[in-house]
**Q** 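The structure is given below, and queries will be raised subsequently.
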Amino acid sequence: MKTVIEKFFKSLEIGESASHEGLTAFPVFSSIPCDLPHITLNEAFRNDSIEIRELTQGGTVPELLVVNKGDENILILDGEELQGAKQNRVLNITVLIAANAKVVVPVSCTERGRWHYTSSVFADSGTMAARSVRFSKNRSVGENIRSDSSFRSDQMEVWDHIDELTMKSRTRSRTCAMRDVFQEMESKMDSFSSSLPLRDGQRGVIFFWGGDPAGFEYVAKAGSFRELYPRILKSYAVEIAAGKIPARGEAGVEQAREFLGRASMAGVSVKESAGRGEDVRFAGKGLIGSALVHNGEILHAVFFPDEKEVRRGINRRPVR
């Protein structure tokens, strides 16, 4: 695994950044070809090649059943949200579902005011969880892997972050659903999409809130990253649009390189994934992260700075 990770980080190149209202995006490119054919969650739903439902008729909050009805691998990213059934959920880990396979996947609830069916199966909500929710899940899942080898999250902490986002954005949701916040903030986030466009061949992005790192996202296939970029971008933009992150200053490319450098030196642990491949966890050097590796190829990776660093950055910024 060490060789795979070293090769991955050496392959990365950072492009020219763009900024909008405190959010800076550095496009990331890689020289490593993606050899594994696969489609994304939204592509699978468009093709009607996936079915996701409650594990039992009565339902169980932390698990769902994914059925790949097609002949292509399906890549579902950590944090992608599913809507319907008994309550909306997000994936706790990134999973690769083999063709014609059934997989039980670990999830967290993003709608705590509902526990009844609105549909027999799930649909793609078009949303990726807010960055703060994803950080919380990444951290707690990593801790639970180390303590009891499970992919469980801290569900109460997930709800706390959604409540904070709802309060900051001054939105209302009858069922305390995260998706309602995204829908309310949609018009405010449109400007981020137009100001931080996707670049040709882009396969990753490093985000900064003002002068502080917010996260690094990577998807191995450029076509898949193109499909996923709008929801990845909104995962970060919604925090600024909601007024939760008062970003100040602007980062330069050297800061982006420094963040990648720290990520490359973080400690590593490996566990078999719920689907195909291996779930890799990173911790240390002031950050946490995870990746899905299949046959020596990193299909998806995400890194976040330790939350204490983010809080320090917010606290040291001047108040207007």
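Note that these values count all heavy atoms, side chains included, but never hydrogens, waters or copies made by symmetry.
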**Q** Say whether, by atom type as modelled, one donor and one acceptor occur between the side chain of R203 and the main chain of I32 under 3.5 angstrom.
**A**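 Side chain of R203 to backbone of I32, a donor-acceptor pair under 3.5 Å: yes, one is there.
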**Q** Drop me the distance from S49's OG to K69's NZ, to the nearest 0.5 angstrom.
**A** 7.5 Å
**Q** Determine the sole option in E54, E63, E111 for which the salt bridge (Lys or Arg N to Asp or Glu O under 4.0 Å) test with R89 is passed.
**A**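 Exactly one option meets the salt bridge (Lys or Arg N to Asp or Glu O under 4.0 Å) with R89, and it is E54.
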**Q** Of all heavy-atom pairs between F29 and R199, which one has the smallest distance, and what is that distance?
**A** CZ-CB, 4.0 Å
**Q** If you measure only the distance, is there a donor-acceptor pair under 3.5 Å linking the side chains of N88 and R114?
**A**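 There is such a pair (donor and acceptor under 3.5 Å, judged by atom type) between the side chains of N88 and R114.
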**Q** Kindly indicate whether the side chain of R139, heavy atoms from C-beta on, has any atom under 4.5 Å from the side chain of F304.
**A**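 They are not in side-chain contact.
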**Q** Can you find a pair of side-chain heavy atoms, one from L233 and one from S193, that are under 4.5 Å apart?
**A**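 Contact flag for L233/S193 side chains = yes.
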**Q** Under 4.5 Å between any side-chain heavy atoms of N42 and R231, yes or no?
**A**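 Result yes, sub-4.5 Å side-chain heavy-atom pair found.
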**Q** Taking all non-hydrogen atoms of both residues into account, name the closest pair between G277 and L292 and its distance.
**A** C-CD1, 4.3 Å
**Q** I would like to know whether V158 and M178 meet side-chain contact (heavy atoms from CB on, under 4.5 Å); could you show each step before the answer?
**A** CA-CA 10 Å; V158 168; M178 181 187 67; over 6 Å; no
**Q** Main chain of L96, side chain of R276: is a donor-acceptor contact present, judged purely on distance under 3.5 Å?
**A** no
**Q** Using side chain to side chain contact (heavy atoms under 4.5 Å, CB included) as the criterion, point out the one residue from E80, M128, K137 that pairs with V90.
**A** K137
**Q** Given the rule that I, L, V, M, F, W and Y join up when any side-chain heavy atoms are under 4.5 Å apart, are I39 and L299 in one cluster?
**A**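 Different clusters.
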**Q** Can you find a pair of side-chain heavy atoms, one from K234 and one from T127, that are under 4.5 Å apart?
**A**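 Not in contact.
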**Q** Indicate yes or no for a side-chain donor-acceptor contact from R152 to the backbone of N144 under 3.5 Å, with no hydrogens or angles considered.
**A** no
**Q** Please report the C-alpha distance between F151 and V105 in whole Å, then the side-chain angles of each, then the deciding distance to 0.1 Å, and finally whether the side-chain contact (heavy atoms from CB on, under 4.5 Å) criterion is met.
**A** CA-CA 9 Å; F151 290 122; V105 298; over 6 Å; no
**Q** For S17, which of T24, V253, I206, V205 qualifies under side chain to side chain contact (heavy atoms under 4.5 Å, CB included)?
**A**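 That would be T24; it is the only one of T24, V253, I206, V205 passing the side chain to side chain contact (heavy atoms under 4.5 Å, CB included) with S17.
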**Q** So do S31 and E13 actually touch side chain to side chain, heavy atoms under 4.5 Å?
**A**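 No - every pair of side-chain heavy atoms lies 4.5 Å or more apart.
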**Q** With a 4.5 Å heavy-atom cut-off, do F122 and Q83 have their side chains touching?
**A** no
**Q** What's the shortest heavy-atom distance between A291 and I298, and which atoms?
**A**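 Shortest heavy-atom separation between A291 and I298 comes out as CB-CG2, 4.3 Å.
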**Q** Say you draw a straight line from CD1 of I145 to OG of S140; how long is it, rounded to the nearest 0.5 Å?
**A**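 Taking CD1 in I145 and OG in S140, the distance rounds to 9.5 Å.
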**Q** Does F259 have its ring centroid less than 6.0 Å away from the ring centroid of F216?
**A**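 Ring-ring flag for F259/F216: false, centres at least 6.0 Å apart.
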**Q** Any link between F225 and L77 through a network of hydrophobic side chains (Ile, Leu, Val, Met, Phe, Trp, Tyr) touching at under 4.5 Å?
**A** yes
**Q** Report the C-alpha distance between L82 and L41 in whole Å, list the side-chain angles of each, state the deciding distance to 0.1 Å, and finish with yes or no for side-chain contact (heavy atoms from CB on, under 4.5 Å).
**A** CA-CA 10 Å; L82 305 162; L41 178 68; 3.9 Å; yes
**Q** Supply the atom-to-atom distance E227 CD to K221 NZ, rounded to the nearest 0.5 angstrom.
**A** 9.0 Å
**Q** Just by distance, with hydrogens left out, do S30 and S11 show a side-chain donor and acceptor under 3.5 Å apart?
**A** yes
**Q** Side chain to side chain donor-acceptor pair (under 3.5 Å) for S173 and D180? Distances and angles first, verdict last.
**A** CA-CA 6 Å; S173 172; D180 289 343; 2.5 Å; yes
**Q** In terms of hydrophobic clustering (I, L, V, M, F, W, Y; side-chain heavy atoms under 4.5 Å; direct or indirect links), are L55 and I50 co-clustered?
**A**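 As far as the 4.5 Å side-chain criterion goes, I50 and L55 are not connected within one cluster.
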**Q** So, applying ring pair (Phe, Tyr, Trp, His ring centres under 6.0 Å) with H20, which one of W209, F192, F207 is it?
**A**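 Going through W209, F192, F207 one by one, the ring pair (Phe, Tyr, Trp, His ring centres under 6.0 Å) with H20 is satisfied by F192 alone.
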**Q** Taking the side chain as C-beta and beyond, is there a heavy-atom pair between I93 and P106 under 4.5 Å?
**A** yes
**Q** Donor-acceptor pair, Q155 side chain versus C109 backbone, under 3.5 Å?
**A**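 Between the backbone of C109 and the side chain of Q155 there is a qualifying donor-acceptor contact (under 3.5 Å).
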**Q** Kindly indicate whether the side chain of L260, heavy atoms from C-beta on, has any atom under 4.5 Å from the side chain of L12.
**A** yes
**Q** How are the rings of F8 and Y218 set relative to one another: parallel (under 30°), tilted (30 to 60°) or perpendicular (over 60°)?
**A**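 Perpendicular: the ring planes of F8 and Y218 meet at over 60°.
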**Q** Less than 4.0 Å between a side-chain N and a carboxylate O, is that true for R134 and E217?
**A**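 Yes, this pair counts.
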**Q** Around K188, counting heavy atoms of other residues, nucleotides and ligands shown, do more than 12 lie under 6.0 Å from its NZ?
**A**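 Open: at most 12 neighbouring heavy atoms sit under 6.0 Å from NZ of K188.
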**Q** Following the transitive rule for hydrophobic clusters with a side-chain heavy-atom cut-off under 4.5 Å over Ile, Leu, Val, Met, Phe, Trp and Tyr, establish whether I76 and V104 coincide in one cluster.
**A** no
**Q** Is there a donor-acceptor pair closer than 3.5 Å between any side-chain N or O of N68 and the backbone N or O of A98?
**A**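 At least one qualifying donor-acceptor pair exists.
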**Q** Counting only heavy atoms not in D148 (residues, nucleotides, ligands), do more than 12 fall under 6.0 Å from its CG?
**A**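 Yes - once you tally the heavy atoms of other residues, nucleotides and ligands closer than 6.0 Å, there are more than 12.
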**Q** Identify the two heavy atoms, one from G84 and one from T118, that lie closest to each other, and give their separation to 0.1 Å.
**A** CA-OG1, 3.7 Å
**Q** When you compare the side chains of S125 and E81, does any donor N or O come within less than 3.5 Å of an acceptor on the partner?
**A**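 Side chains of S125 and E81: pair found under 3.5 Å.
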**Q** How far does NE2 of H161 sit from CD of E157, to the nearest 0.5 angstrom?
**A**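 One gets 4.5 Å once the value is rounded to the nearest 0.5 Å.
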**Q** Can you name the nearest heavy-atom pair linking P305 to A214, along with the distance?
**A**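 That closest heavy-atom pairing would be CD-O, 3.4 Å.
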**Q** Passes side-chain contact (heavy atoms from CB on, under 4.5 Å), E297 versus C34? Steps please.
**A** CA-CA 8 Å; E297 181 178 3; C34 179; 3.2 Å; yes
**Q** Is it true that V293 and F303 fall in one hydrophobic cluster, defined by side-chain heavy atoms closer than 4.5 Å?
**A**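 Linked, V293 and F303 end up in one cluster.
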**Q** Drop me the distance from L75's CG to L36's CG, to the nearest 0.5 angstrom.
**A** 8.5 Å
**Q** Would you compute the distance between atom CE of M189 and atom OG of S235 and round it to the nearest 0.5 angstrom?
**A**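 M189 CE to S235 OG: 9.5 Å, rounded to 0.5 Å.
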**Q** Taking N73 for the side chain and P37 for the main chain, is one N or O donor matched with an acceptor at less than 3.5 Å?
**A** yes
**Q** Which pair of non-hydrogen atoms, one from I162 and one from C176, has the smallest distance, and what is that distance?
**A** CG2-O, 4.2 Å
**Q** Could you verify whether a donor N or O on one side chain and an acceptor N or O on the other, from N92 and S108, lie under 3.5 Å apart?
**A** yes
**Q** Do any N or O atoms from the side chain of E186 and from the backbone of Q183 form a donor-acceptor pair under 3.5 angstrom?
**A** no
**Q** Could you go through S132 and E239, starting from their C-alpha distance and side-chain angles, then the distance that decides it, and tell me whether this counts as side chain to side chain donor-acceptor pair (under 3.5 Å)?
**A** CA-CA 8 Å; S132 57; E239 311 258 9; 2.8 Å; yes
